[in-house]
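Values below: every heavy atom of this structure, side chains too, minus hydrogens, waters and symmetry copies. These numbers were taken from a predicted model, which means no experiment stands behind them.
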Amino acid sequence: MMMIFQNFSGIDAVMFYSTAIFRSAGLTGDTALYATIGVGAVNVTMTTIALFLVERAGRRLLMLIGFSGMVLFLISLTISLLLFKSGNPGAEFPNTANTYAGAAYASMVSVFSYVILFASGPGKNTKSAVSPTNKQLLIN
C-alpha cells in the first residue's frame, strides 16, 4: 500500500518538470536549469540524512509528516504559481512590475520543501519498510 501512495505522490512530475515549473515561476535560461540541479542535489542530500533520521524519529512519524507536508506544499505551489501568473509576469526575474513577484519565490520554496519532505519520508521509508516484510513472509 505504501508503494502505491509513493507512486501517486507526484514526485515524478515534480522531478521531471521542475525546469518547466521554475520557468513558470519566472526563472529564465540557465537559472531554471541550475534550480533543477539544486532540486536533485537536495533530493540526494535529504535521502542520505534520512538514513540516520529514520532511526531517531521512526518510519511512521516520517511518513505522516512527509505526506502531510507534501500535500500542503503542492497546494502552496499551485496557489503561488496562479498568483504569479495573475500579476504581470515579464521576461526577467524578479519582475518589479508584477504585483505578485513574491509568489515566484514562494513557488520555488514549495518545490524544494516538497522534495525535502519526500526524500526524508516516503522516498526512503517505503523501500526500507518493504524488505523486512518480505523476509517475514519467507520465514513463515
Side-chain angles (χ1 to χ4, degrees):
M1 212 48 194
M2 286 193 312
M3 297 296 272
I4 292 171
F5 286 126
Q6 180 195 17
N7 286 330
F8 288 130
S9 69
I11 190 65
D12 293 332
V14 171
M15 296 301 277
F16 292 142
Y17 297 107
S18 60
T19 305
I21 292 169
F22 289 132
R23 285 192 177 137
S24 294
L27 294 178
T28 58
D30 289 341
T31 311
L33 294 174
Y34 292 141
T36 301
I37 292 170
V39 166
V42 164
N43 189 17
V44 170
T45 304
M46 285 308 298
T47 302
T48 305
I49 292 171
L51 291 170
F52 304 103
L53 191 60
V54 73
E55 296 298 324
R56 292 186 184 262
R59 287 187 188 126
R60 184 175 187 274
L61 180 64
L62 288 176
M63 293 291 281
L64 290 173
I65 291 171
F67 277 128
S68 301
M70 287 166 56
V71 167
L72 294 176
F73 281 113
L74 281 180
I75 292 169
S76 170
L77 175 64
T78 303
I79 291 170
S80 60
L81 285 176
L82 288 173
L83 279 175
F84 182 76
K85 290 294 184 181
S86 70
N88 184 17
E92 297 293 322
F93 177 78
N95 183 7
T96 55
N98 188 341
T99 54
Y100 298 113
Y105 291 111
S107 65
M108 287 183 278
V109 168
S110 296
V111 169
F112 278 96
S113 300
Y114 177 84
V115 171
I116 287 169
L117 287 168
F118 176 81
S120 61
K124 161 71 178 94
N125 290 328
T126 52
K127 291 168 186 68
S128 63
V130 171
S131 59
T133 307
N134 288 340
K135 288 179 187 175
Q136 288 176 351
L137 291 175
L138 293 174
I139 293 170
N140 293 332

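- Distance check, rounded to the nearest 0.5 Å: CD1 of Ile116 to OG1 of Thr47 gives 11.0 Å.
- Taking CE of Met108 as the start and CG of Leu81 as the end, the distance is 10.0 Å to the nearest 0.5 Å.
- Put simply, Leu61 and Met46 are part of the same group of oily side chains (I, L, V, M, F, W, Y) that touch within less than 4.5 Å, one to the next.
- Judged as a side-chain hydrogen bond (donor to acceptor under 3.5 Å, both in side chains), the pairs with a partner in residues 72-84 (not counting sequence neighbours) are, in order, Ser76-Ser110.
- Scanning both residues, Val54 and Leu62, for their nearest heavy atoms gives CA-CD1, 3.6 Å.
- The side-chain hydrogen bond (donor to acceptor under 3.5 Å, both in side chains) analysis of residues 29-39, with sequence neighbours excluded, yields the pairs Ser18-Thr36, Thr19-Thr36.
- Between Ser24 and Phe84, the closest heavy-atom pair is O-CD2, 3.5 Å.
- Residue Ile11 comes nearest to Tyr114 through the heavy atom pair N-OH, 3.3 Å, listed as atom of the first residue, atom of the second, then distance.
- Of the inter-residue distances, the one linking Met63 atom CE with Ser120 atom OG reads 11.0 Å to the nearest 0.5 angstrom.
- The nearest pair of heavy atoms linking Ser107 to Ala25 is OG-CB, 3.1 Å.
- Val109 and Ile75 fall into different hydrophobic clusters, where Ile, Leu, Val, Met, Phe, Trp and Tyr side chains are chained together by heavy-atom contacts under 4.5 Å.
- No continuous path of hydrophobic side-chain contacts links Val115 to Leu51 [ILVMFWY only; heavy atoms under 4.5 Å].
- When all heavy atoms of Gly40 and Met15 are compared, the pair lying nearest together is CA-CE, 4.4 Å.
- Transitive grouping of hydrophobic side chains (ILVMFWY, heavy atoms separated by less than 4.5 Å) brings Ile65 and Phe73 into a common cluster.
- Linking Ile, Leu, Val, Met, Phe, Trp and Tyr whenever their side-chain heavy atoms come within less than 4.5 Å puts Ile49 and Phe118 in one cluster.
- The two atoms that bring Phe112 and Ala35 nearest to each other are CZ-O, 3.6 Å, heavy atoms only.
- Distance check: Asn43 CG to Thr48 OG1 gives 9.5 Å after rounding to the nearest 0.5 Å.
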